[in-house]
Structures are given as structure tokens and as C-alpha cells.
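To start, the structure itself, in C-alpha cells.
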Protein chains: 2
Amino acid sequence: MARTKGDHEARRRDVSEAVWRVLSAHGFGGLTMRAVAAELGATTGLLTHYFATKRDLVAYALDLLDRRTAEGRRPYEGEGLAALRAALRDALPLTAEATTSNRIWVSSWDTALADPALGADHAARYATGRDRLTTLVAAAQLHGDLPPGDPADIATAAQSFTLGLTIQALLAPTAFPPSRQTRLLDDYVASLTTG
Amino acid sequence: MARTKGDHEARRRDVSEAVWRVLSAHGFGGLTMRAVAAELGATTGLLTHYFATKRDLVAYALDLLDRRTAEGRRPYEGEGLAALRAALRDALPLTAEATTSNRIWVSSWDTALADPALGADHAARYATGRDRLTTLVAAAQLHGDLPPGDPADIATAAQSFTLGLTIQALLAPTAFPPSRQTRLLDDYVASLTTG
DNA sequence: CCATTCACACAACAACTGTTATGACTATTA
DNA sequence: TAATAGTCATAACAGTTGTTGTGTGAATGG
């Protein structure tokens, strides 16, 4: 059975959500054509129309992960140092949704490191994330909240700290409840002010 | 053909190195029975004698990764803050060997997060790593190099920073040459002294 | 010296993977 | 209205995976 143009765009959204559900349940390691098709209640014949090859599906999933993460970020929160802290806090697995999202990120690294082209795309995504933090750092410096210093280096260090804390929290959830994560983050942000 | 007891222990070392070579080349995602057997110049019938099931092979590989990483660590380097910095520096992908080792670690997370039992073992390994850093932090405090504060929290923050920097360096090697990694680490360690 | 046990090769299995070919059905266009 | 193009199901393919069973030859122990 064919579909109208409106139905087709609705189908595209269905495909996106099916990919997301598979990623949430099994990560990138469990991202298979048949798993997505089954989650969609369809067969692989449908998927071949949207993704000619497996690589296309993986590339789409990588991009979907990036977009879904961006959507989950709150737009603006305070200014100066408060905005930087809010941005870093948004990256931590403090909620159930953020936990699954971060789990998918971790599983994506194995896939990205195996394929140079996909890895380059992934690296570019992290670079834009660092740029976003860099502007927040520069704004905080202008605001007088942070001492002088290369904003890019400070942003990179902050992203490193957040990234590493995320991994440890994912591997040991009981040892890193949200309260401890926020406390560690607040301590780190506080240490930035004393240059 | 059978083997003597001495040959059998040599064979055990051969199996270990075959597993390691497979991990180095393809990560945990490419760790298959046949790949290890082929690397060994043997068939899967040999492996079933050492690993009854795939899970056993994965668990062994996880433990092997931990032991190989521990062997790569230099025993003692300075005291006080210098020892802490040396320990953190050993964790970064500054050399080719450290890079492949860290790449394997990243690929292991996908596997570990998928299996709760394996994930618990992995979390325990990171916990002992944090304990090791905690004692170094406490020693540095006694030495007068670090201001007072919970040594466990400081060690956890330091491990988070190192872990996150490692990931960014693996994804973007050109943006994070060894010189920049060490500079960022030195800046971080320096920030610890001004409590 | 003979029986047992060990260490392995070889082969096959069922399940799963990505990919492709074929055909049917519907919407669009001429 | 007739022809075309788009949208999907169905089925099959070749390859890879973990696992299992059978057989064989050498070392070991009584």
C-alpha cells in the first residue's frame, strides 16, 4: 500500500522514533536493520527505502543522537558563571532521560572510533560543543565571574571534567547519585573562580 | 596433538596475547571466538577448552585489559603532588601504546553497560583506581602540596578530568596532541593547589 | 604396556546479520 | 483513463556469529 505525501512525512517521524527506541534499549551495538523494522512493525524492505545501507542508518542515528541531545538542552539559564554551570549540569546524567541519552553517547564511541569518517563527524560535534562552552566562558569572564585565561582551554577542561564524571556515574550509578554529581560539579565550578 | 604441562602454560600466554591483539585491532566489538582462534592459528575447538562461552571470553578480556593497564603503569615517581600528577599522566593517551590501550577501554564500556554483571566488575575496577588516587591525594595533602578537603572527592574529580580528556583526545587526535594534553593536565593540577 | 585423559581439529547446526530481487498495490501525471 | 513512479511486503541470498558433537592422536598414570 502506498501513502500520501503527508503520511510519508509522518512515516519519517515514525522511523526516527523507532531508531531512538532501539538505541535507548540496546545502544549502537544493537542497532540492526531488523530491530528498527520490528520496532516499527514493518520489515526490512521498508528501511532500505530510507537507508540504502547500514552505514547510512548508523550515520543517521549519530546525527539523531546529536539533535535529540540539543533539543533536551534548556535554552538560557542565568548569565555569566551561572549560565556555564547550567550548561555543564545539562550534560550530566541527572535524570532518567539524560541517563539513557548519555548511555547512547557512550555506546556511540565504539562505533565512531571504528569508522574514521564517522569518527570525524563525531569529533566535529564535540568541537561545536566546546565552542558553545567557550562563548559561555568568555561571557563569564566579561561578567567578572571568572579570572582571565584562554577561554578555549577552560571550556575544554570543563567539558573533560563533565564527560569523565558522566562515565563514572553511568558505570556506578549508586556511587554517583545526582546529589553527588551536582556537588562535584559545583566544587569544580567554584575552583574555576579562584584563578 | 597433545602438549606437555609446560607447553600448556605457554599456550595460555599465547591465548592471552591473541586476545590482546584482537582487542588492539578491532576493540571489544570485534572480539569474536573465530577472530581469536585465527590470531592464534587455531580453530574454535581450541578456544572452547579455555572459554566455555563467549561471556567467559569477554570477562577474561575485561580482566586482561585491567591487568595490562596496571602493568603499563610506572611504579613510583616523585612524592606528594608530583606522584599524583605522574599517576594522572600515565592514564592519558600520550604514547601509541597508551592510545591503543585507552581505545580498548572506550570500546569496553559499550560491552560493560550492556551486561549488568560485567558492568559491576568494571565499576569495581574504577573504584580501585579512585582509591589509588585517593591515597596519593592524601599523601600530597600531608606533604603540604594540597590544601585540605575530602581526598576522595578530589581524587574522583581528578579521575573525571583525566577520563574526559582521554575521550576527547581519542576522538580528535590532531586537536589534542600530547603537548596540549600535558599542558591541560598541568593547568588542572596547578588549580588544585590554590584551594 | 595398556587404558585413560587431555588438547585439539574438523564439521555442522541454528540464529542472526546486511543486502538484493521480485511483485503488488496506490498515488500521481500525462 | 492509461502509464508511470513511489511505497512497501515477501522471500531469499551469502556471510558471520556462538555453540555443540565427533573423532584423533599424544601424554600420563597405573
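Note that these values count all heavy atoms, side chains included, but never hydrogens, waters or copies made by symmetry. In the text below, chain A, chain B and the rest are named by the order of the sequence lines, each starting its count at 1.
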Note to self: When you measure from the side-chain N and O atoms of A/T53 to the phosphate of C/dT19, is any distance below 4.0 Å, counting only OP1 and OP2?
What the structure shows: yes

Item checked: Closest contact, heavy atoms only, A/L65 versus A/S101 -> CD1-O, 4.1 Å

Note to self: Using only atom types and a distance under 3.5 Å, with no angle test, would you say the side chain of B/S107 pairs donor to acceptor with the backbone of B/F28?
What the structure shows: yes

Checklist line | B/R12 CZ to C/dC8 P, straight-line distance once rounded to whole Å | finding: 11 Å

Check: So, B/Q141 side chain and B/G149 main chain: donor-acceptor pair closer than 3.5 Å or not?
Finding: yes

Margin query: Taking only side-chain N and O atoms of B/R55, does any of them lie within less than 4.0 angstrom of OP1 or OP2 on D/dG18?
Written below: no

Margin query: I want to verify a distance call: between C/dC10, D/dG18, D/dT10, whose nearest atom is closest to the B/K54 side chain?
Written below: D/dG18

Notebook entry, point to check: Is any side-chain nitrogen or oxygen of A/Y50 closer than 4.0 Å to OP1 or OP2 of D/dT7?
Noted result: no

Produce the list of close N/O pairs, under 3.5 Å, pairing protein atoms with atoms of nucleotides 13-16 of chain C; give distances to one decimal.
none

Check: Which whole-number value in Å describes the distance from A/R11 CZ to D/dT7 P?
Finding: 12 Å

Check: Counting only side-chain N and O atoms of A/H49, is one of them less than 4.0 Å from OP1 or OP2 of D/dT7?
Finding: yes

Check: Rounding to a whole Å, what distance do you find between B/L31:CG and D/dT17:C1'?
Finding: 12 Å

Notebook entry, point to check: Is the backbone N or O of A/F176 less than 3.5 Å from a side-chain atom of A/Q181, with the two atoms forming a donor-acceptor pair by type?
Noted result: yes

Check: Expressed in angstrom and rounded to an integer, what is the separation of B/D56 atom CG from D/dG18 atom C1'?
Finding: 12 Å

Next item on the list: For B/A42 and for A/T44, locate the closest nucleotide of DNA chain C by heavy-atom distance; then report the residue assigned to the nucleotide nearer the 5' terminus.
Entry: B/A42

Notebook entry, point to check: A/F51 CZ to C/dT20 P: how many Å, rounded?
Noted result: 16 Å

Next item on the list: Locate the shortest heavy-atom distance separating A/A18 from A/V36; write the atom from each residue and the value.
Entry: CB-O, 3.9 Å

Next item on the list: On DNA chain C, check which nucleotide each of A/G30 and A/T48 is closest to and give me the residue with the more 5' one.
Entry: A/G30

Note to self: Rounded to whole Å, how long is the line connecting atom NE2 of B/H26 with atom C1' of D/dT17?
What the structure shows: 15 Å

Next item on the list: Starting from P on D/dT17, measure out to CG on B/L47 and report it in whole angstrom.
Entry: 13 Å

Margin query: Under the criterion ring-ring contact (aromatic ring centres under 6.0 Å, His included), I'd like the reasoning laid out for B/Y188 against B/F161: C-alpha separation, chi angles, the key distance, then a yes or no.
Written below: CA-CA 8 Å; B/Y188 178 79; B/F161 174 83; 4.4 Å; yes

Item checked: Nucleotide D/dT19, atom P - distance to CE of B/M33 in whole Å -> 5 Å

Notebook entry, point to check: Taking only residues two or more places apart in sequence or in another chain, which ones pass side-chain hydrogen bond (donor to acceptor under 3.5 Å, both in side chains) with B/R74?
Noted result: B/E77, B/D90

